[in-house]
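Here the structure comes first, spelled out in structure tokens, and everything after it is commentary.
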Amino acid sequence: MLHLSLDKTKKRSYTKQIYNLVREKILSGELYADELLPSSRDLSRELCVARNTVLTAYDMLMSEGMVYSIAGAGFYVSSDIKPIPQNIPIGSQQAASLSDIILTDQIINFDSGLPALDLFPREKWNRVVSNAFLNAPVSSLGYDDPQGRPEFRNVLCAYLKKTRGISCIPEQIIITAGAKQGLSLAAKCLLRPDSEVWMENPSNINVKNIFSYHTNNIVPFEVDAQGIQPELFPKKGKPALIFTTPSHQFPMGGVLSIQRRIGLIEFARKSGAYLLEDDYDSEFTYDVPPSHSIFELDPDRVIYVGTFSKVLFPSIRLGYLVVPLHLVSQIRELKRLADHHSNSIYQLALMRFIEGGELERHIRRMKKEYRKRRDTLLKLLPVYFGKDIHIYGAAAGMHLVVKFCDISFTEDLVKRFLQSGVYIVPVENHSLIKDKHQNEIILGYSGLSKETLIQGLDLIKTELYNSGKLQAL
């Protein structure tokens with residue numbers, strides 16, 4: 001039965017209310033094309049109104065082309081009506097990873113950081129989770145170690161040494177509920193209301209918001225093609241924390257040179273600052289060799305933040321911190337107070353996934369696929385938008401940035417894109433300095449097939465053309 005809630009206190013007629021409510025459900029996609037509507041007799045009985053009231057409402061919908069009727073079979077939703085995408089509450093829908101907007105499945109989502117979820121090996125993962133649960137120590141079913149299962153941290157230690165050049169001991173690792181929790185724990189540990197935080201600009205706005213819970217003294221430093229520029233730091237500056245994404249600057253994509261890495265370390269030692277290294281998608285490099293972590297340069301001044309959301313799937317909610325030994329006890333206690341511990345069974349399952357080589361095999365498959373999708377996007381962009389664009393950050397990662405010479409991506413324009421069925425994020429959304437990056441957008445490609453990329457670019461170009469922002473090529 002179709003759920004309609006009539007307001008009997010309104011002066012508007014029941015006919016008009018039924019018409020509006022059914023119309024909204026059709027436009028939102030809640031009622032799909034060619035779906036059979038309740039019979040006028042059933043709906044009138046359900047709503048306690050006259051049958052003619054329902055029939056009149058259906059007739060109004062038919063006159064608009066919203067529904068059609070088949071003699072003796074009833075009323076159906078028209079297949080000619082294209083639903084208007086709506087932002088909806090959190091549910092089993094596709095999430096925009098950095099904006100935290102929840103989108104309907106019909107939206108083409110160009111946000112960054114979304115893996116190819118349809119290519120994740122669910123059967124293999126299901127087997128390791130099942131085996132991990134069946135063979136798990138009894139202790140893992142109770143309240144577990146806030147720092148993470150020791151056997152998982154042992155395996156993770158070896159994995160980080162092999163893949164990221166990080167030499168650490170299991171006691172330095174703290175398992176978190178994703179990278180955001182790791183960043184939050186580090187901020188709680190190190191920041192006070194008068195603390196200064198230095199950040200790259202542009203930078204993940206969610207990270208800035210996390211820091212803002214603890215201090216308002218956030219100082220942006222503009223990045224260039226290589227990332228953050230330590231030579232611009234005030235020599236007598238005393239930040240408590242410097243946030244950086246050296247392996248693949250977010251969102252502009254620069255890779256920090258060894259000279260600048262050394263410069264960061266030297267400044268941190270002189271000023272007493274800690275470096276918070278967010279290594280969010282370093283597994284995916286295409287035209288540049290993988291870079292090692294800056295943690296290896298000074299394990300006493302660097303906190304390393306890692307996540308499995310990008311290489312596996314975001315809802316796994318597993319990440320980790322690698323921290324200086326003298327900070328372990330404090331951050332461990334903060335983790336205990338936050339949620340006691342991360343999912344122990346998933347930790348054991350991921351341990352088996354790593355030990356069996358499945359994680360590295362999956363990353364290799366995804367790296368090959370993401371390269372194809374990146375190459376497709378790089379070929380398509382000039383075709384759709386001509387030569388008056390500049391592309392940044394394509395050598396690695398899961399997204400790139402496109403700069404348009406004469407187009408400002410305002411909030412209204414982004415809303416128009418969303419209404420047409422495509423979601424994009426302007427770089428300006430992640431800028432700590434107003435009006436600095438208005439003509440740049442982030443295009444995440446890792447979660448989009450070639451067909452979807454083409455469809456999404458069609459929608460972007462059409463909306464730019466319709467809004468007068470783009471001339472016909």
Side-chain angles (χ1 to χ4, degrees), residues 1-44 46-49 51-70 73-96 99-111 410-425 448 451-452 454-469:
M1 178 55 66
L2 182 63
H3 175 72
L4 301 177
S5 181
L6 299 183
D7 188 346
K8 297 184 178 182
T9 66
K10 288 184 176 181
K11 295 182 179 180
R12 183 180 297 172
S13 70
Y14 293 155
T15 297
K16 193 70 172 178
Q17 288 189 54
I18 294 170
Y19 158 78
N20 283 328
L21 290 170
V22 175
R23 186 177 187 274
E24 288 172 5
K25 289 180 181 293
I26 293 173
L27 290 176
S28 69
E30 187 175 339
L31 293 173
Y32 51 85
D34 299 317
E35 181 176 357
L36 175 64
L37 295 175
S39 71
S40 57
R41 182 177 284 104
D42 288 343
L43 190 56
S44 65
E46 178 75 17
L47 299 177
C48 299
V49 298
R51 184 184 176 194
N52 281 341
T53 299
V54 177
L55 282 170
T56 303
Y58 279 179
D59 285 341
M60 293 168 64
L61 291 165
M62 284 181 62
S63 68
E64 277 196 347
M66 304 292 290
V67 304
Y68 64 93
S69 67
I70 298 176
F75 295 88
Y76 295 81
V77 177
S78 174
S79 58
D80 296 329
I81 304 300
K82 181 181 179 181
I84 300 174
Q86 303 287 325
N87 293 339
I88 61 173
I90 291 176
S92 59
Q93 305 293 326
Q94 182 185 27
S99 63
D100 286 337
I101 292 173
I102 307 301
L103 307 173
T104 62
D105 290 330
Q106 291 76 31
I107 298 291
I108 296 174
N109 189 354
F110 274 102
D111 199 6
T410 63
E411 185 177 344
D412 287 341
L413 183 56
V414 172
K415 287 180 179 178
R416 291 185 62 165
F417 285 135
L418 188 57
Q419 289 171 351
S420 70
V422 63
Y423 179 75
I424 64 163
V425 177
L448 303 176
E451 294 74 19
T452 308
I454 292 172
Q455 186 182 356
L457 292 179
D458 279 335
L459 292 170
I460 292 173
K461 182 178 179 179
T462 299
E463 195 55 52
L464 288 176
Y465 180 76
N466 290 341
S467 62
K469 304 284 186 180

With a 4.5 Å cut-off on side-chain heavy atoms, are [Y] and [X] touching?
| X | Y | answer |
| --- | --- | --- |
| Met62 | Ser69 | yes |
| Val425 | Phe110 | no |
| Tyr19 | Met66 | no |

So, Tyr68 versus Asp34: side-chain donor-acceptor pair below 3.5 Å or not? yes
Flag for Asp59-Thr56: side-chain donor and acceptor within less than 3.5 Å: no
If you compare all heavy atoms of [X] against all heavy atoms of [Y], which two are closest, and at what distance to 0.1 Å?
| X | Y | answer |
| --- | --- | --- |
| Glu30 | Glu35 | O-OE1, 4.2 Å |
| Gln17 | Asp7 | OE1-N, 2.8 Å |
| Leu4 | Lys25 | CD2-CE, 3.6 Å |
| Leu36 | Ala73 | CD1-O, 3.6 Å |
| Gly65 | Ser78 | O-CB, 3.1 Å |

Using 30° and 60° as the class limits, which term best fits the ring planes of Phe75 and Tyr58: parallel, tilted or perpendicular? tilted
Atom pair [atom1] ([X]) and [atom2] ([Y]), whose distance is rounded to the nearest 0.5 Å:
| X | Y | atom1 | atom2 | result |
| --- | --- | --- | --- | --- |
| Leu413 | Ile424 | CG | CD1 | 6.5 Å |
| Ile107 | Leu459 | CD1 | CG | 9.0 Å |
| Lys415 | Thr410 | NZ | OG1 | 9.5 Å |
| Ile26 | Leu21 | CD1 | CG | 11.5 Å |
| Leu47 | Ile18 | CG | CD1 | 5.0 Å |
| Arg23 | Met60 | CZ | CE | 10.0 Å |

Return yes if some donor-acceptor pair links the side-chain N/O of [X] with the main-chain N/O of [Y] below 3.5 Å, else return no.
| X | Y | value |
| --- | --- | --- |
| Glu463 | Ile460 | no |
| Asp42 | Pro38 | no |
| Ser44 | Ser40 | yes |

Side chain to side chain contact (heavy atoms under 4.5 Å, CB included) with Leu43: which of Val54, Thr53, Leu55? Val54
Go through Tyr76 and Val67 one step at a time and tell me if the side-chain contact (heavy atoms from CB on, under 4.5 Å) criterion holds. CA-CA 5 Å; Tyr76 295 81; Val67 304; over 6 Å; no
Val22/Val77 under side-chain contact (heavy atoms from CB on, under 4.5 Å): CA gap, chis, key distance, verdict: CA-CA 10 Å; Val22 175; Val77 177; over 6 Å; no
Please determine whether the number of non-hydrogen atoms from other residues, nucleotides or ligands lying under 6.0 Å from atom CZ of Arg41 exceeds 12.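 Not more than 12 within 6.0 Å, no.
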